[in-house]
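Okay, structure first, notes after.
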Amino acid sequence: MRKRIVAGNWKMNKTLKEGIELAKEIELQVEKQEDKSIGVIIGTPFIHLSEVSKIINHNLISIAAQNCSSEPKGAFTGEVSAEMIKSTGAKYVIIGHSERRSYFDEDNKTMNKKVKLALEQGLKPIFCIGELLDERKQNKQFDVVNKQLNEGLFDLTDEEFSKIILAYEPVWAIGTGETATPQQAQEMHEYIRKLVSENYNAEIADNTTILYGGSCKPSNAQELFANIDVDGGLIGGASLKADDFFEIINSF
Ligand code: PGA
């Protein structure tokens, strides 16, 4: 059975003090959660990782970085390596977020290097894919996602790929308030699972967690998560408020 997960992506928000407070608030809520089988992840800025790691119960919440360097170590000013992230107690790393792709010109080849470095360190990548609005208007969304997966992930071995979490995030839905319809999400998630099955096998495809991201909030999480191939969400804006985030976790 694949794992259901709700992951928060705080992006470039929260000072260290605010971040610690938010993590504590989220933990208080998650303690009350009845269904402990749902994985809860918070993706904090780099500087929060080790502090948040010290104060949270890792049995309830796991921590993710939002990015990692495509180089293992050395003279790369300002970069943070997968090994450094691992040393904070984080277990996951978000790779390939559309904001990294568009604002920092990261391509699939760069992401592929990051994924491999993360896996070498025992970190689980949350790999983001998704099309731009123009691409959807031209009905190219499936080709775009196929290319992102092919170039970013599909050279991994079976064992490596089994550690990947996928996040389908249509770029036109991120931070815009416009959400993919449950049908659009299901259609794409089903397509992604089919690609995984073709490139690996049915068992691996069946076990792959595929999250939906893009203006997922308490009011729409339930109808999105009700889809058979939607295994949870990657939550931006709504993960910055403990109550909203918890309501999303409770939407299954
Ligand atoms: P959003 O962001 O929920 O604010 O749309 C999602 C994401 O970028 O992961």
Side-chain angles (χ1 to χ4, degrees), residues 4-14 18-19 22-23 26 38-46 48-49 61-68 90-106 111 114-115 118 123-133 135-136 141 144-145 148-149 152 164-182 184-185 188-189 192 209-225 227 230-252:
R4 293 174 303 165
I5 291 173
V6 175
N9 174 10
W10 294 1
K11 307 194 179 181
M12 196 171 72
N13 293 295
K14 304 290 175 190
E18 290 165 350
L22 177 58
I26 292 171
I38 299 164
V40 178
I41 301 172
I42 51 179
T44 81
F46 286 134
H48 298 60
L49 291 173
I61 298 176
S62 299
I63 306 171
Q66 299 170 15
N67 181 28
C68 70
K91 295 201 177 73
Y92 296 85
V93 55
I94 299 170
I95 295 177
H97 192 279
S98 70
E99 286 149 20
R100 302 292 323 167
R101 292 177 188 265
S102 60
Y103 304 145
F104 302 96
D105 287 333
E106 290 186 11
M111 321 249 175
K114 294 184 179 199
V115 165
L123 289 169
K124 291 188 174 181
I126 301 173
F127 192 80
C128 304
I129 49 185
E131 80 284 357
L132 305 169
L133 181 59
E135 291 164 340
R136 181 161 279 266
Q141 64 272 25
V144 170
V145 164
Q148 288 169 338
L149 286 168
I164 304 284
I165 292 165
L166 296 175
Y168 169 58
E169 301 205 301
V171 181
W172 46 271
I174 296 177
T176 58
E178 191 178 338
T179 318
T181 63
Q184 284 172 324
M188 182 57 87
H189 283 227
I192 293 167
T209 297
I210 309 177
L211 308 178
Y212 168 80
S215 299
C216 183
K217 46 194 176 230
S219 59
N220 60 26
Q222 200 164 7
E223 56 177 14
L224 286 161
F225 296 177
N227 290 288
V230 179
D231 307 312
L234 180 55
I235 320 297
S239 73
L240 296 171
K241 290 199 187 113
D243 289 347
D244 286 355
F245 190 54
F246 186 58
E247 223 181 295
I248 296 173
I249 296 166
N250 264 333
S251 297
F252 283 104

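Every value quoted in this text rests on a predicted model; they were computed, and no experiment measured them. Along the sequence shown, the residues carry numbers beginning at 1. One-based numbering, in listed order, for ligands and for the atoms of each.
Using a 3.5 Å distance cut-off with no hydrogens or angles, the side chains of Gln66 and Trp10 do not pair a donor with an acceptor.
Applying the side-chain hydrogen bond (donor to acceptor under 3.5 Å, both in side chains) test to residues at least two apart or on different chains, the pairs with a partner in residues 231-252 are Arg2-Asp231, Gln29-Asp243, Arg193-Asp231.
Cation-pi geometry between Arg4 and Phe225 is not satisfied (NZ or CZ under 6.0 Å from the ring centre, within 45° of the ring normal).
Distances shorter than 4.0 angstrom occur between a heavy atom of Ala173 and an atom of ligand 1. The shell of residues lying under 4.0 angstrom from ligand 1, judged by heavy atoms, includes Gly175. For Lys217, the heavy-atom gap to ligand 1 stays at 4.0 angstrom or more.
When non-hydrogen atoms are compared, ligand 1 lies under 4.0 Å from the side chain of Asn9 (C-beta onward) but not from its backbone. Under 4.0 angstrom from ligand 1, there are no non-hydrogen atoms of Ala167.
Scanning all heavy atoms of the two residues, the minimum distance from Trp172 to Ala180 falls at CH2-CA, 3.7 Å.
More than 12 heavy atoms of other residues, nucleotides or ligands sit less than 6.0 Å from atom CD of Glu18. Around atom NZ of Lys124, no more than 12 heavy atoms belonging to other residues, nucleotides or ligands sit under 6.0 Å away.
By the 3.5 Å distance cut-off applied to N or O atoms, Gly213 is not counted among the residues near ligand 1. Residue-to-ligand polar distances keep Gly214 apart from ligand 1: every N/O pair is separated by 3.5 Å or more. Close N/O approach between Lys11 and ligand 1 is found [any backbone or side-chain N/O within under 3.5 Å].
Looking from atom 4 (O) of ligand 1 to the surrounding protein, the closest heavy atom is Gly237 N, 2.8 Å. The single protein non-hydrogen atom nearest to atom 3 (O) of ligand 1 is Gly236 N, 2.9 Å, given as residue, atom name and distance.
The ligand atoms of ligand 1 that sit less than 4.0 angstrom from a heavy atom of His97 are 7 (C), 8 (O), 9 (O). Taking every non-hydrogen atom of Glu169 and a distance limit under 4.0 Å, the qualifying atoms of ligand 1 come out as 6 (C), 7 (C), 8 (O), 9 (O).
Look at Glu106 and Arg101 and you find no salt bridge, because none of the NZ, NE, NH1 or NH2 atoms lies under 4.0 Å from a carboxylate O.
For Glu99, the side chain to side chain donor-acceptor pair (under 3.5 Å) criterion is met by Lys11, not counting sequence neighbours.
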